[in-house]
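Below is one structure; the comments refer to it alone.
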2 protein chains.
Amino acid sequence: MENEGKGLHARVLESLGPAITAGDYPPGTVLRTDELERRFDVSRTVIREAIRVLESMQLVASRRRVGVTVRPAEEWNVYDPRVIGWRLAGRDRPRQLRSLTVLRSAVEPVAAGLAATHATPEQCAELTEHAMGMVATSRGQQLDAYLVHDTAFHRVVLSASGNEMFARLGDVVAAVLTGRTQHHVMFTDPDPAAVTLHVQVAEAVRTGDAERAEALTREITLGAMAELDVLAP
Amino acid sequence: MENEGKGLHARVLESLGPAITAGDYPPGTVLRTDELERRFDVSRTVIREAIRVLESMQLVASRRRVGVTVRPAEEWNVYDPRVIGWRLAGRDRPRQLRSLTVLRSAVEPVAAGLAATHATPEQCAELTEHAMGMVATSRGQQLDAYLVHDTAFHRVVLSASGNEMFARLGDVVAAVLTGRTQHHVMFTDPDPAAVTLHVQVAEAVRTGDAERAEALTREITLGAMAELDVLAP
DNA sequence: GATGGGTAATAAGTATGACGTTTTCGTCAC
DNA sequence: GTGACGAAAACGTCATACTTATTACCCATC
C-alpha cells in the first residue's frame, strides 16, 4: 500500500470508501465505531473523522444509538471525485464508465460551442498543439503518448468553455479516456476519423465557429458512445 | 438560527462553509484550529471534524506547522450539493446561477432523449400529470403551484433518463427553477410557449420519440438561457 | 391481550489533557 | 554566503471521561 504520509483517517477512508461503493456493505448495514477502532487499530478520533468524510459524501449516515448506516447508492454524491475514482476501480466499473461517457456526451459538445466564443488565443494554441500531437502519435502503437494529448485536448476545451462546472469535469473525461485506452489492449491504433475530428474542432474553436465546434464534438462523443458496448458490456 | 439538533460540527460547518464560498477568506488565508476553537467555543474534536469535511470538499487544505489554508475557487468540489447551496445563498449567486443554467442546458436535452427510450409507464404518467399541472397553474399568479409541477417534471425527466449522474442533478435544476421564480417578482405568469413545450416533451417521451424529446427540451433550456441576462446580471 | 408510559441500556457526540510528528524558520558555525 | 543543526509551531493521534439522544424492553394499566 502507498498510504505513507497521508494521515491515518485517509487510510481508513481508502479502505472503507472503495468497499462501500463496491457494494460490499448493502444499504442499511450498520458499522459501529468501536468495532472499526479495533478493526483498523486506531483511535476514535481517526475513525470519527473518516466517518465524517464518508457522511459528507452521503455514503453513510451516522445516527445516535443506532450506528453508522450505509446509505443506498441513489443517495451517494456521485460527482465526488473520490467516489468516482473508487467506483471506477471497483466492481461496477462498466456501469460507471457508461454513466460518465453519457454525461460527457451531453456536456462536451456544449462546452466546445462555448469555447469557440470564449477561448483565449493561448487556449486556441494549446488546442491545435494537442490536436497536432494526436495526429503525430496516432500511428504505430504510441497509445500512451496519444492519450496524453487526447486528455489534454479535452481538458482545454472544458476549461476554455468559461464554465466552472464544465471545467471541473476535466478529470472525469480524463478517467473515461484512460479507461478506454486501457481496454483497447494496446494493439489497434486510434480511429483516424476521430483524429481528424479533433483537428477540425481545434480549427472551429480558433475561428470562433461555435455551431461547427459543437457539432464536431458531438460526433466525437457519439463515437465514444458507440465504443461503449465493446468497452463496458 | 435553526441549528438545533444537528450536532456542533454541523453548526461550525454552516458558518465556515458559506463564508469561504462567499470569498470572505481569500485563497491562502490560514485558519488555526485553536483560534476556531475559541471563536466557536467548542472543542478541538468538533473543529477538526468540520475541517475534515471542508477538506473533503476541497475548500481548504490542512498542513502541519502551517494551519488550515483556504484553497482557490478553481479547486473546490463545485458539484457538492452543500457547496452549490452555499454559493447560491451567497454573494456570487448570479454567477452560480449562470453556471448551473448552462450545465442544465447541456444535460437536460440529452436526458430527455434518453428518457424517451427508458421511461417506465409510471414515469410517463407522472410526466403528463405534471405537464397538465403546469397548464392548470400557468395563469393567475399561481407561481408557487406552477413551480412545484415544473421542478417535479424536470426531476422525473432526469430520473427517467436511467443515468445516475443525470438523476443526481435534480436538486440543481430545482434550485435553478426556484431561483428563477424568486426573481420573477411574482407578477408575470409563465411564458405560455414554455408550458406548451413541456406538454409536448411529455408526449414525445411517452411515444418514445427521442429526437423530438431532445429538441423540445433544448428549446426549453434555450429559453432559460435567454432569461439569464435579466435574471443574473 | 393490547396499549401506553417510564426506565435502563446503548452508541454516538463532546470535552480535555497528553504526547507524537512534520514542517518551517532562525541561528550558528564554517 | 552557505550549510546544517535545533527549536518552535501547528496539526495528528491517543486515551479517557463524561454527555445526550434514541431505542428497546419491561411493567403496569386498561
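Keep in mind that the numbers below use all heavy atoms, side chains included, and drop hydrogens, waters and symmetry copies. Residue numbers start from 1 in every chain, and the chains themselves are labelled A, B, ... in the order their sequence lines are given, proteins ahead of strands. From a predicted model like this one, the values you see are computed outputs, not experimental measurements.
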Nucleotide by nucleotide, 5' to 3', does protein get under 4.0 Å of the base (B), only the sugar-phosphate (S), or neither (-) in nucleotides 6-13 of chain C, counting heavy atoms?
-> ---BBSSB
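The aromatic rings of His198(A) and His154(A) sit perpendicular, their planes meeting at an angle over 60°, well past the 30° parallel limit.
Looking at Arg52(A) and Glu49(A), no side-chain N of the basic residue comes within less than 4.0 Å of a carboxylate O on the acidic one, giving no salt bridge.
Nucleotide dT16(C) holds its P atom 13 Å from the CD1 atom of Ile47(B), rounded to whole Å. Rounded to an integer number of Å, the gap from CZ of Arg38(B) to P of dT16(C) is 14 Å. Atom pair Leu54(B):CG and dC11(D):P shows a separation of 14 Å (rounding to whole Å applied).
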Criterion side-chain contact (heavy atoms from CB on, under 4.5 Å) on Arg44(A) and Asp34(A), from CA distance to verdict | CA-CA 7 Å; Arg44(A) 277 183 70 191; Asp34(A) 58 328; over 6 Å; no
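Between the side chain of Asn163(B) and the main chain of Ala111(B), no donor-acceptor pair closer than 3.5 Å is present. Checked by atom type and distance alone, the side chain of Arg104(A) never pairs as donor or acceptor with a backbone atom of Met225(A) at under 3.5 Å. Between the side chain of Arg91(B) and the backbone N or O of Ala22(B) there is at least one donor-acceptor pair closer than 3.5 Å.
For Ser43(B) and dA15(C), the shortest distance from a side-chain N or O to OP1 or OP2 is below 4.0 Å.
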